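Everything on this sheet refers to the single structure shown next.
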Amino acid sequence: MRLIFLGPPGVGKGTQAKRICEHYNLIHLSTGEILRNEIAEKTNIGRKAKSFIDAGELVPDDVLLGMMNNRLKKDDVQSGYLLDGFPRTIPQANGLDNIMNNISHSLDCALSLNADENELVQRLINRGKESGRSDDTPEIIRQRQKVYWEQTAPLLDFYREKNLLKEVNGIGDIPEITERILKVLN
Ligand code: ADP
């Protein structure tokens with residue numbers, strides 16, 4: 001199975017992605033996590049990404065597409081994966097289509113976790129106190145929300161038109177939301 005998880009910052013994508021990957025035995029590919037590792041290891045990609053991430057802006061599409069093109073060719077993902085945080089723009093979605101076509105992978109579902117924006121900002125501010133993530137401050141959180149609505153939300157229509165979009169209510173407790181997702185995927 002090959003899945004995409006969509007949803008605004010703070011909706012719990014990462015948490016649910018981990019649970020769904022365990023359930024179906026999929027590889028969890030979080031581009032946010034991959035980029036933070038690249039930064040920690042001071043690689044070329046990390047150097048390019050850092051200033052964008054710290055400003056709450058998206059890292060340029062060509063960086064993401066190059067990185068994911070390499071990643072999706074690796075052996076460990078051949079039996080299935082969940083993309084968490086990628087694609088995030090229409091050019092990334094088109095690029096992903098090409099990458100997947102070239103390796104004869106097809107997408108099973110783009111799952112969107114939905115929630116009210118104000119609830120999300122509060123959750124992220126609370127997370128920021130524990131996560132120590134440089135981009136979990138109130139101002140940068142607002143910026144990431146804005147970027148989501150402007151650049152990523154158009155992907156909902158993109159996948160809706162391909163009949164791949166499924167939407168799930170992201171408000172509730174963690175196991176309850178996992179159940180909703182599993183129901184939609186089955
Ligand atoms: P969140 O979903 O909470 O915003 P992520 O960990 O998914 O957090 O992403 C953190 C940051 O990493 C983003 O704000 C962005 O700068 C960068 N990033 C992650 N994925 C992408 C992507 N597909 N395209 C561009 N930038 C990305």
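For ligands, and for the atoms within them, numbers begin at 1 and follow the listed sequence. Keep in mind the model is a prediction, meaning the values are calculated, not measured.
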What's the shortest distance from [atom] to any protein heavy atom, and which residue and atom give it?
atom	value
atom 26 (N) of ligand 1	Val59 N, 3.0 Å
atom 6 (O) of ligand 1	Arg36 NH1, 2.9 Å
atom 10 (C) of ligand 1	Arg133 NH2, 3.6 Å
atom 18 (N) of ligand 1	Leu35 CD1, 3.5 Å
atom 24 (N) of ligand 1	Gln92 NE2, 2.9 Å
atom 7 (O) of ligand 1	Arg88 NH2, 3.2 Å
atom 3 (O) of ligand 1	Arg144 NH2, 2.8 Å
atom 20 (N) of ligand 1	Thr31 OG1, 2.8 Å

Any sub-3.5 Å donor-acceptor pair from [X]'s side-chain atoms to [Y]'s backbone N or O?
X	Y	value
Glu38	Ile34	no
Lys13	Gly7	yes
Asp135	Gly56	no

Under 4.0 Å to a heavy atom of Lys13 - the qualifying atoms of ligand 1, by number: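 Listed by number with element: 2 (O).
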
Phe86 neighbourhood, listing ligand 1 atoms whose heavy-atom distance to it stays under 4.0 Å: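 Counting from 1, the qualifying ligand atoms are 23 (N).
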
Return yes if a side-chain donor-acceptor contact under 3.5 Å exists between [X] and [Y], otherwise no.
X	Y	value
Tyr81	His28	no
Arg47	Asn44	yes
Thr178	Arg19	yes
Asn114	Ser112	yes

Lys162 charged N/C atom sitting above Phe158 aromatic ring, 6.0 Å / 45°: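 Geometry flag: set, cation within 6.0 Å and 45°.
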
Polar proximity ligand 1 side, Gly85 side, N/O cut 3.5 Å exclusive: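 The answer is yes, given that Gly85 and ligand 1 share an N or O pair closer than 3.5 Å.
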
Using heavy atoms and a threshold below 4.0 Å, how should the contact between [X] and ligand 1 be classified: side chain, backbone, both, or neither?
X	result
Lys50	neither
Asp61	neither
Asp84	neither
Leu64	side chain
Glu57	backbone

Steps toward side-chain hydrogen bond (donor to acceptor under 3.5 Å, both in side chains) verdict (Thr89, Gln151): CA-CA 5 Å; Thr89 64; Gln151 299 194 56; 5.9 Å; no

Side chain proximity check, Leu29 to Leu72, heavy atoms < 4.5 angstrom: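 Yes. Closest side-chain heavy atoms under 4.5 Å.
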
